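Note on naming: letters A, B, ... go to the chains in the order of the sequence lines (proteins, then strands), and numbering restarts at 1 for each one. Keep in mind the model is a prediction, meaning the values are calculated, not measured.
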Protein chains: 2
Amino acid sequence: MSRPQNRPLTLRDVSEASGVSEMTVSRVLRNRGDVSAATREKVLKAAKSLGYVPNRIAGSLASQRVNLVAVIIPSMSNMVFPEVMTGINRVLEDTPLQPVVGITDYLPEKEEKVLYEMLSWRPSGIIIAGLEHSDASRAMLRASGIPVVEIMDTDGTPVDAMVGISHRRAGREMGEAILKAGYRRIGFMGTKMALDHRARKRFEGFTQALAKGGVEIADQEFYSGGSALSKGREMTADMMARTPDLDFLYYSNDLIGAGGMLWLLEQGYDIPGQIGLAGFNGVELLQGLPRRLATMDACRAEIGRRAADIIVARTAEPAQEAETIITLTPTIQQGDTLRPV
Amino acid sequence: MSRPQNRPLTLRDVSEASGVSEMTVSRVLRNRGDVSAATREKVLKAAKSLGYVPNRIAGSLASQRVNLVAVIIPSMSNMVFPEVMTGINRVLEDTPLQPVVGITDYLPEKEEKVLYEMLSWRPSGIIIAGLEHSDASRAMLRASGIPVVEIMDTDGTPVDAMVGISHRRAGREMGEAILKAGYRRIGFMGTKMALDHRARKRFEGFTQALAKGGVEIADQEFYSGGSALSKGREMTADMMARTPDLDFLYYSNDLIGAGGMLWLLEQGYDIPGQIGLAGFNGVELLQGLPRRLATMDACRAEIGRRAADIIVARTAEPAQEAETIITLTPTIQQGDTLRPV
DNA sequence: TTGAAAGCGCTAACAA
DNA sequence: TTGTTAGCGCTTTCAA
């Protein structure tokens with residue numbers, strides 16, 4: 001009642017209320033060192049009744065340890081990164097580490113800014129999406145002196161550790177599967193984002209596989225913005241009007257693929273006989289559509305888990321050895337839209 | 001080159017490298033006070049070439065100010081909270097404030113833990129979903145002495161400020177609209193979550209509106225887990241088998257509604273003549289389905305924006321006045337699945 | 001326009 | 001088992 005309105009409580013308040021030194025109060029609150037049961041009781045009671053919340057800012061400064069893991073990702077609004085976060089959380093939940101998320105919107109300048117902000121809090125580790133960063137960002141990552149795990153993609157050289165899949169290979173394998181199934185007139189639809197390197201790599205792997213089979217992409221279209229489902233519809237309608245003899249459509253993500261599928265079904269196309277379809281991501285959300293879209297799982301939750309595992313191992317006392325390059329291998333999910341071989 | 005491997009740089013390093021006192025370096029780096037252009041240059045050059053990243057932990061401790069806004073939400077994996085975050089980000093982007101997100105999984109104990117963690121970083125404000133909190137959480141919120149905005153829901157009494165919609169009223173209005181359109185045999189499907197207070201309130205408002213029209217819910221079913229789209233399918237199939245004379249289905253979210261819609265269309269039901277459908281949330285994702293589901297926008301982005309506005313106003317120097325209770329009014333989106341009156 | 005001193009709230013290290 | 005002392009790296013305040 002006598003505490004001035006807006007001053008937050010300090011250790012000293014708990015110390016005075018319990019008649020125990022600040023140091024011992026600190027020990028009790030952190031379960032460190034030997035404290036007698038009686039003292040412990042007293043302190044805990046005082047802290048609770050006052051409603052004391054420790055000041056981690058002061059604590060971190062004094063101990064030179066911050067139990068934060070910076071997680072830097074491009075977006076939260078598509079299906080993929082929330083699942084990665086779930087994987088990360090699952091692992092960090094059982095540790096004192098706490099994830100803190102920063103969003104880059106696929107913009108390198110924003111990534112740089114977010115990274116700088118994050119580093120200014122001196123986190124214990126960094127998990128960052130992608131292998132492509134500005135020189136300044138890469139310099140910061142290297143200079144930070146803390147574990148850095150680059151995730152999602154393994155087509156490149158990491159600053160430190162990396163966990164992901166090869167998107168180049170994912171595209172290649174899908175291309176091969178499509179050719180093996182006998183499709184030859186192939187259209188591609190994807191996002192217009194020059195900065196989505198993983199989509200780009202899938203596309204490159206895809207065209208490369210086709211080329212090896214003597215096939216060239218017959219038509220392609222890129223979109224940006226808008227609801228993915230309806231974009232998939234529109235683009236598919238456009239493309240089939242423009243190039244009616246296509247026998248396969250490869251979509252850079254499941255959502256536009258689903259839109260395309262719905263449109264084709266309405267038009268009475270025979271899927272996968274007359275025309276085959278495939279997407280990318282293995283989005284669980286889409287289960288329940290009239291057909292299961294052929295796709296490829298991006299191993300999102302596992303990527304999150306493995307990345308967090310690395311951080312946990314490296315920040316353990318004593319620091320554990322940890323693999324620094326983990327390449328997961330996604331498999332094609334045949335679904336109902338890819339003709340069986 | 002002579003810096004020991006793992007010691008992060010300090011102001012002192014920049015001070016030595018530039019031959020300017022620590023204090024002046026600090027001033028330059030924060031754009032505070034008058035510093036001559038020449039000194040400024042020198043300092044900036046030294047800081048950049050060293051790759052100095054300020055230590056915000058020390059800075060915050062010294063200045064007793066932390067430019068963090070704690071955002072505490074139940075989940076990131078459904079459509080609703082990412083959109084709220086987008087709204088919050090949009091506003092905070094233009095300020096020095098940074099959002100930090102904590103996830104509660106709809107569990108009060110976890111909310112308590114997350115809140116405690118967040119408060120230990122002494123943020124400048126808190127945005128927290130819902131009005132239902134444990135006594136301990138409410139006590140922490142009150143004792144924190146910082147602006148607290150409870151979001152999403154306005155059916156209740158906030159600790160401090162609140163921004164949201166009345167879910168009770170949303171349910172009521174949908175009930176009234178359905179009755180007015182002439183439907184009488186009404187089924188309800190929703191999640192089993194006892195802790196999703198907003199879904200509960202919508203349901204209460206809904207049944208209340210029906211009761212006023214002399215109608216009782218003819219069948220109902222609750223689910224948990226799994227892909228929402230397929231759950232919607234399954235539940236709808238079950239319910240129509242059990243209660244074939246239903247003429248309306250109200251779903252507690254758009255995703256299960258979409259699943260139900262797809263199933264009904266496949267079965268050849270006449271929508272909205274023979275049977276009407278409605279969901280909740282106004283999920284943009286679903287645009288592109290064969291029919292637009294009737295729904296109600298939950299004003300997610302606007303809630304985020306307005307909540308952030310309040311925090312910004314209250315943390316401004318000098319602190320601004322700000323509304324403390326903002327009730328947004330969602331409107332019914334008729335779509336193609338609700339018979340016009 | 002610049003610098004020196006004090007201290008933010010806590011913890012490491014040591015002493016009792 | 002408990003207490004004392006000396007910082008952690010920065011900013012506030014005041015003096016030059």
Side-chain angles (χ1 to χ4, degrees), chain A residues 3-4 6-44 46-47 50 52-67 96 117 119-124 145 317, chain B residues 3-4 6-44 46-47 50 52-67 96 119-124 144-145 317:
Chain A
R3 175 169 68 94
N6 269 332
R7 183 175 68 76
L9 295 162
T10 67
L11 261 191
R12 164 173 226 121
D13 295 300
V14 182
S15 165
E16 283 170 1
S18 62
V20 176
S21 79
E22 284 187 42
M23 195 54 232
T24 302
V25 171
S26 168
R27 279 196 269 255
V28 170
L29 263 21
R30 286 176 300 139
N31 292 308
R32 276 261 197 305
D34 296 314
V35 178
S36 76
T39 314
R40 217 184 127 68
E41 286 287 284
K42 261 194 298 187
V43 170
L44 255 17
L50 289 174
Y52 172 71
V53 178
N55 185 334
R56 279 219 203 300
I57 303 197
S60 302
L61 182 62
S63 67
Q64 302 284 74
R65 269 185 282 97
V66 182
N67 288 327
E117 289 297 327
L119 287 177
S120 75
W121 288 101
R122 302 288 189 263
S124 295
E317 304 272 8
Chain B
R3 175 168 67 94
N6 269 330
R7 182 176 67 74
L9 295 161
T10 67
L11 260 191
R12 164 173 225 121
D13 296 300
V14 182
S15 165
E16 284 171 2
S18 62
V20 176
S21 79
E22 285 186 42
M23 195 51 236
T24 303
V25 171
S26 168
R27 278 196 270 256
V28 171
L29 264 20
R30 285 176 299 139
N31 294 308
R32 275 264 198 302
D34 296 313
V35 180
S36 74
T39 317
R40 218 185 126 67
E41 286 288 285
K42 262 194 298 187
V43 170
L44 254 18
L50 289 174
Y52 172 70
V53 177
N55 185 334
R56 278 220 204 299
I57 303 198
S60 302
L61 182 62
S63 67
Q64 302 284 76
R65 270 186 281 96
V66 182
N67 288 327
L119 287 177
S120 74
W121 287 101
R122 303 286 188 265
S124 295
S144 71
E317 305 271 7

Verdict with reasoning, A:Arg7 to A:Asp13, per side chain to side chain contact (heavy atoms under 4.5 Å, CB included):
CA-CA 11 Å; A:Arg7 183 175 68 76; A:Asp13 295 300; 3.1 Å; yes
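- Atom CZ in B:Arg12 sits roughly 14 Å away from atom P in C:dG3 (whole-Å rounding).
- Nucleotide D:dG3 holds its C1' atom 16 Å from the CD atom of A:Glu16, rounded to whole Å.
- For B:Ser36, the listed nucleotide lying nearest its side chain is C:dT2; candidates were C:dT2, D:dC10, D:dT11.
- Per the geometry, CZ belonging to B:Arg65 stands 12 Å off C1' belonging to D:dC10, to the nearest Å.
- Residue B:Thr39 places at least one side-chain N or O closer than 4.0 Å to OP1 or OP2 of C:dT2.
- Taking every side-chain heavy atom of A:Ser63 into account, C:dT11 is the closest of D:dG3, C:dT11, C:dT1.
- Taking side-chain N and O atoms only, B:Tyr52 has a distance below 4.0 Å to OP1 or OP2 of D:dC10.
- With rounding to whole Å, B:Asn55 atom CG is found 6 Å from D:dG9 atom C1'.
- Listed nucleotides C:dG3, D:dG9, D:dG3 differ in distance to B:Arg27; the shortest reach to its side chain belongs to C:dG3.
- Across all non-hydrogen atoms, the minimal contact from B:Val35 to B:Arg40 is CG1-N, 4.0 Å.
- Separating the CG atom of B:Leu9 from the C1' atom of D:dC10 is a distance of 15 Å, rounded to the nearest angstrom.
- Summarising the local packing, CZ of A:Arg12 is surrounded by 12 or fewer heavy atoms from other residues, nucleotides or ligands at distances under 6.0 Å.
- Between the side chain of B:Arg122 and the base of C:dG9, no donor-acceptor pair of N or O atoms lies under 3.5 Å.
- Between A:Arg32 and the phosphate of C:dT11, there is no side-chain N or O to OP1/OP2 separation shorter than 4.0 Å.
- Closest approach to the B:Val20 side chain among C:dT11, D:dT2, C:dG3 is made by C:dG3 (side chain taken as heavy atoms from C-beta onward).
- The local environment of CD in B:Glu41 is sparse, with at most 12 non-hydrogen atoms from other residues, nucleotides or ligands closer than 6.0 Å.
- Whole-Å rounding puts the B:Leu61 CG to C:dC8 P distance at 9 Å.
- Out of D:dT11, C:dA13, C:dT2, the shortest distance to the side chain of B:Met23 is found at D:dT11.
- Distances shown here put every side-chain N or O of B:Ser26 at or beyond 4.0 Å from the OP1 or OP2 atom of D:dC10.
- As rounded to whole Å, 12 Å separates atom P of D:dT11 from atom CG of B:Asn67.
- Taking the side chain of A:Gln64 as heavy atoms from C-beta on, and the options D:dC8, D:dG3, D:dT11, the nearest nucleotide is D:dC8.
- Atom P of nucleotide D:dC10 and atom CH2 of A:Trp121 are separated by 13 Å, given to the nearest angstrom.
- OP1 or OP2 of C:dA12 has at least one side-chain nitrogen or oxygen of A:Arg30 nearer than 4.0 Å.
- The shortest side-chain heavy-atom distance between B:Arg56 and A:Glu117 falls under the 4.5 Å cut-off.
- To the nearest 0.5 Å, atoms CG (B:Leu50) and OG1 (B:Thr10) are separated by 10.0 Å.
- Side-chain nitrogen and oxygen atoms of B:Ser21 include none within less than 4.0 Å of the OP1 or OP2 phosphate oxygen of C:dA4.
- Distance from the side chain of A:Ala62 is smallest to C:dG9 among C:dG9, D:dG9, D:dT2.
- Map A:Gly59 and B:Glu22 each onto its nearest nucleotide of DNA chain C; the residue landing nearer the 5' end is B:Glu22.
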